[in-house]
Q: 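I am attaching a structure below and will ask some questions about it afterwards.
No hydrogens, no waters, no symmetry mates; every other heavy atom, side chains included, goes into these values. Throughout, protein chains are lettered first and strands after them, A, B, ... in sequence-line order, and every chain is numbered starting at 1.
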Amino acid sequence: MTIRKILVTAALPYANGPIHIGHLVEYIQTDIWVRFQRLRGNRCIYICADDTHGTAITIRARKEGRPEEELIAQVQAEHERDFAGFQVSFDNYGSTNSPENRELCHEIWEAIDKAGLVKTKNVDQLYDTVANTFLADRFVRGTCPHCGATNQPGDNCSACGATYSPIELLNPISILSDSQPEIRSAPHLFIELAQLREFLVEYTQKGEHLQKEIANYLKGHFLGDENSAEGAKPLKDWDVSRPAPYFGFEIPGHPGHYWYVWFDAPIGYIASTKQWCDRNGERLEDWWKNPDVEIHHFLGKDITYFHTLFWPGMLKTAGFSLPHKIHIHGFLTVNGAKMSKSTGTFVKAETFLKHLDPAALRYFYASKLTPRVDDLDLSVEEFINKFNADLVGKVVNLASRTAKFVQETGLSASYPDDGGLFAHAAAAGKEIAQAYEDCDFARATRLICEIADRANPFVDSEQPWTLKKDPAQAQRLQDVCTISLNLFRQLAIYLAPILPDLAERAGRLLNDPLISWDQSQTPLVGTPVAKFEHMLKRIEVKDFENMIEESAREATEAALESEGTPDRAGEGTAVAFQDSAEALQNEPLAEECTIEDFTKVDLRVARIVKAEHVPEAKKLLRLTVSLGGDNTRTVFAGIKAAYDPEALVGRLVIVVANLKPRAMKFGLSEGMVCAAGGGGAEVFLLSPDSGAVPGQRVL
RNA sequence: GGGCCGGUAGCUCAGUCGGUUAGAGCAGGGGACUCAUAAUCCCUUGGUCGCGGGUUCGAAUCCUGCCCGGCCUACCA
């Protein structure tokens with residue numbers, strides 16, 4: 001078999017925050033694949049780096065009163081520590097703020113420029129004159145130009161859903177300085193992606209490099225289809241520069257202009273490879289300009305766009321190898337819900353390691369990962385159960401129940417008749433390997449567990465503990481344990497990409513380090529057996545609960561710290577009731593208004609007299625509310641995800657009674673029902689205390 | 001609205017090219033064992049394969065319509 005040369009990357013984590021269990025899906029997935037390749041004897045390097053540029057870094061550095069360089073150095077050290085804690089085996093962990101990256105950015109830019117893909121256009125953008133910076137969309141809030149809702153984000157309105165540019169916002173406010181930004185025009189550099197269209201269609205639609213659903217998505221949303229009724233879609237120019245001040249690399253020939261973080265971030269893959277090459281006496285072109293090398297990128301679905309259109313375009317133009325395969329995964333949910341800081345499911349890598357074995361997370365993710373882009377749910381019960389039942393109860397149990405019987409004698413000199421158990425498991429290795437190769441780790445773990453399920457009954461039927469009592473059965477005892485330990489060893493090899501620690505311990509127990517997949521095909525005989533030591537500790541529910549509690553506590557403390565709340569012990573404050581500051585942080589207070597402003601809004605108590613689904617609408621319920629007497633009106637409310645219509649009938653709610661009626665697709669909406677919450681299923685209707693009656697005004 | 005994925009036992013999921021009586025693990029029930037981390041082993045309960053139609057000698061599997069869920073994406077406002 002020929003030895004493949006494989007370069008693997010995982011997406012570069014942003015140097016703006018700590019690694020959490022959501023990130024780890026990707027780094028563990030990638031690490032398993034890398035370790036599998038190495039175990040198979042392929043030459044495989046795993047490259048990563050911190051992504052360090054952009055406005056968010058500058059903002060955090062300013063807030064902490066220190067230079068960006070100091071912040072990113074500290075964060076990188078934390079990232080590397082966390083990854084090491086989960087046995088993620090990078091060959092090089094670099095930084096996009098490195099001399100290697102600067103040089104490569106220059107090289108690639110020059111090639112793109114030379115190819116005639118760069119053009120300049122003026123862009124109007126909001127500028128914060130207090131913080132002296134241009135403002136990205138998410139750093140601006142203001143009044144929606146369409147519906148007049150206040151305190152809306154810079155790119156779309158959460159009330160009416162309209163999309164717009166931040167410069168269209170009425171009364172825009174910078175969240176950096178609370179000042180009113182002004183519109184300034186500045187030249188930006190663009191890459192004309194449309195010129196690469198033919199190549200991009202070919203590359204993305206070939207069916208070799210991308211998962212089918214991803215190819216499909218690109219076709220539907222960016223490329224279009226020449227043969228369809230709508231025809232091909234135009235590819236938009238890509239804005240790759242940002243005017244000063246910006247933490248990043250200045251663009252040669254354009255003083256005061258910097259590459260947008262998404263230009264230099266993927267180049268960081270190459271730059272980090274360069275560092276590895278320099279350290280190991282290798283040549284970069286042997287890895288990035290060599291058709292014999294397979295380049296594999298692993299990344300999350302949120303950054304699909306950058307990696308499947310811009311990045312291949314950049315590589316192609318600059319004469320680097322194209323990714324052989326781009327593996328895209330979904331997001332992590334915990335107990336079926338998005339990770340949340342306030343409920344403690346937003347678990348940092350560091351916190352996890354204080355309470356639980358990283359092997360458990362590696363194994364759980366492996367058991368859930370498929371080649372598809374689906375999201376992955378961590379259910380606590382399943383997490384604990386899988387680890388305890390599969391690994392401790394079945395796999396490790398094989399060793400822990402037989403090793404001590406052969407501690408004196410070692411393994412038998414020749415492999416005894418085991419009724420075909422070993423041969424069967426050896427044969428399964430081919431299928432297991434294919435599952436790993438295909439990134440179908442769920443299948444791999446399933447196949448491995450099937451083998452484990454056959455092994456324990458063997459030990460039971462042979463009863464080594466009975467054999468031990470009869471000196472005449474000494475040989476049989478040694479044989480039975482030799483079989484059991486060999487089956488265990490085989491499982492440890494198959495699991496080695498997922499559980500490197502277990503493989504190491506298994507190697508130590510049998511005095512034969514596990515370093516190659518092929519070792520699963522031949523039984524081990526005649527070696528001494530070391531004293532058995534615990535290999536995996538069972539997880540208690542309490543461990544998990546403690547971790548969640550600590551995470552929730554950390555989130556509260558972090559929120560308090562950034563709020564700088566002085567009155568910690570004050571009675572009746574949010575602190576005393578342990579309320580998180582998250583909600584307020586997510587949506588800062590609107591600008592001040594007068595009582596006259598407020599009274600313009602006529603809030604009334606109303607009773608829901610009828611509530612029904614709107615079949616064509618995904619989010620809306622049609623409510624009929626009564627303000628008393630025969631004064632009823634129809635209101636559409638986006639609460640379908642949170643409330644059953646039946647449960648609403650009879651309830652008192654608060655409505656905006658003098659809101660200008662609005663014609664919606666499904667009918668006229670004559671008001672608005674007041675609710676709190678973050679949207680989706682997290683919507684909480686307001687109710688008056690008992691005693692209030694429909695029609696009463698709320699003031 | 002469009003695209004994609006899914007719906008099989010209480011839960012998580014297998015189920016190959018359409019082929020016998022639809023499987024596993026976990027959970028539940030009963031028993032056994034005592035080497036092993038309250039681990040293990042045996043037996044067992046449990047299914048209208050989302051629903052309807054079609055193709056076929058034969059459908060969980062293929063086709064089609066619908067329902068439900070998830071993800072992506074848009075429109076309306």
Q: What is the separation between atom CG on A:Asp374 and atom C1' on B:U12, rounded to the nearest whole Å?
A: 14 Å
Q: Would you measure the distance from the C1' atom in B:C72 across to the matching atom in B:G52 and give it in whole Å?
A: 29 Å
Q: Between B:G19 and B:G23, how far is it from one P atom to the other, in whole Å?
A: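 The same atom, P, in both gives a distance of 14 Å.
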Q: Using only heavy-atom distances, determine whether the side chains of A:Ser412 and A:Asp479 contain a donor-acceptor pair under 3.5 Å.
A: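 Indeed, the side chains of A:Ser412 and A:Asp479 share at least one donor-acceptor pair under 3.5 Å.
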Q: Between B:A22 and B:A39, how many Å separate the two C1' atoms, rounded to a whole number?
A: 31 Å
Q: For B:U61 versus B:G15, give the span between their C1' atoms, rounded off to a whole number of Å.
A: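 The answer is 9 Å between these two C1' atoms.
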Q: Got a minute to check which stems RNA chain B is part of, using Watson-Crick or G-U wobble pairs under 3.5 Å, three or more consecutive?
A: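 Ordered by first number, the stems with RNA chain B (at least 3 consecutive pairs each) read B:1-7 with B:67-73, B:10-13 with B:23-26, B:28-32 with B:40-44, B:50-54 with B:62-66.
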Q: Taking atom types as modelled, is there a side-chain donor on A:Trp311 or A:His297 under 3.5 Å from an acceptor on the other?
A: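 On atom types as modelled, these side chains qualify, holding a pair under 3.5 Å.
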Q: Rounded to whole Å, how long is the line connecting atom CD of A:Gln478 with atom C1' of B:C35?
A: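 Answer to the nearest Å: 17 Å.
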Q: Within a radius of less than 6.0 Å around CZ of A:Arg454, do more than 12 heavy atoms belonging to other residues, nucleotides or ligands occur?
A: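 Not buried by this count: 12 neighbours or fewer within 6.0 Å.
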Q: Centre of A:Phe346's six-membered ring, under 6.0 Å away, within 45 degrees of the axis: is that where NZ or CZ of A:Lys341 sits?
A: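 Cation-pi check for A:Lys341 and A:Phe346: passes.
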Q: Whole-Å distance between B:G15 C1' and A:Glu450 CD?
A: 11 Å
Q: Expressed in angstrom and rounded to an integer, what is the separation of A:Leu391 atom CG from B:A36 atom C1'?
A: 16 Å
Q: If we count only N and O atoms by modelled type, under 3.5 Å, do the side chains of A:Asn486 and A:Gln490 hold a donor and an acceptor together?
A: no
Q: Write down the distance separating the P atoms in B:G47 and B:G6, rounded off to the nearest Å.
A: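 Their P atoms lie roughly 26 Å apart.
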Q: Tell me which one of A:Leu376, A:Ile498, A:Ile32 satisfies side chain to side chain contact (heavy atoms under 4.5 Å, CB included) with A:Tyr365.
A: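 By the side chain to side chain contact (heavy atoms under 4.5 Å, CB included) criterion, A:Tyr365 pairs with just one of A:Leu376, A:Ile498, A:Ile32: A:Leu376.
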Q: Would you please say whether a donor-acceptor pair under 3.5 Å links the side chains of A:His329 and A:Glu26?
A: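 Distance-only check passes for A:His329 and A:Glu26.
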Q: As a test of understanding, state which of A:Trp262, A:Phe310, A:Phe222 forms a ring-ring contact (aromatic ring centres under 6.0 Å, His included) with A:Trp238.
A: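 With A:Trp238 as partner, ring-ring contact (aromatic ring centres under 6.0 Å, His included) holds for just one option, A:Phe310.
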Q: Is A:Lys368 touching bases, backbone alone, or none of the nucleic acid, heavy atoms closer than 4.0 Å?
A: sugar-phosphate
Q: Round to the nearest Å and state the distance from A:Leu378 atom CG to B:C11 atom C1'.
A: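 So the two atoms are 15 Å apart, to the nearest Å.
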Q: Taking atom C1' of B:U12 as reference, at what distance in whole Å does atom CZ of A:Phe364 sit?
A: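 Taking CZ of A:Phe364 and C1' of B:U12, I get 9 Å after rounding.
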Q: To the nearest Å, give me how far apart NE2 (A:His221) and C1' (B:C71) are.
A: 11 Å
Q: What is the distance from CD of A:Glu381 to P of B:C13, rounded to the nearest Å?
A: 13 Å
Q: Which pairs of donor and acceptor atoms, one on a side chain in residues 390-398 of chain A, lie under 3.5 Å apart (sequence neighbours left out)?
A:
residue, atom, partner, partner atom, Å
A:Asp390, OD2, A:Tyr363, OH, 2.8
A:Lys394, NZ, A:Asp453, OD1, 2.9

Q: Which parts of nucleotides 37-45 of chain B does protein reach within less than 4.0 Å, heavy atoms only, written one letter per nucleotide 5' to 3' as B for base, S for sugar-phosphate only and - for none?
A: B-SBSS---
Q: Start at the 5' end of RNA chain B and walk down; is the nucleotide closest to A:Arg446 or to A:Lys404 reached first?
A: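 Taking each residue's closest nucleotide, the earlier one in sequence belongs to A:Arg446.
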Q: Side chains of A:Asp302 and A:Tyr305: do they bring a donor and an acceptor to under 3.5 Å?
A: no
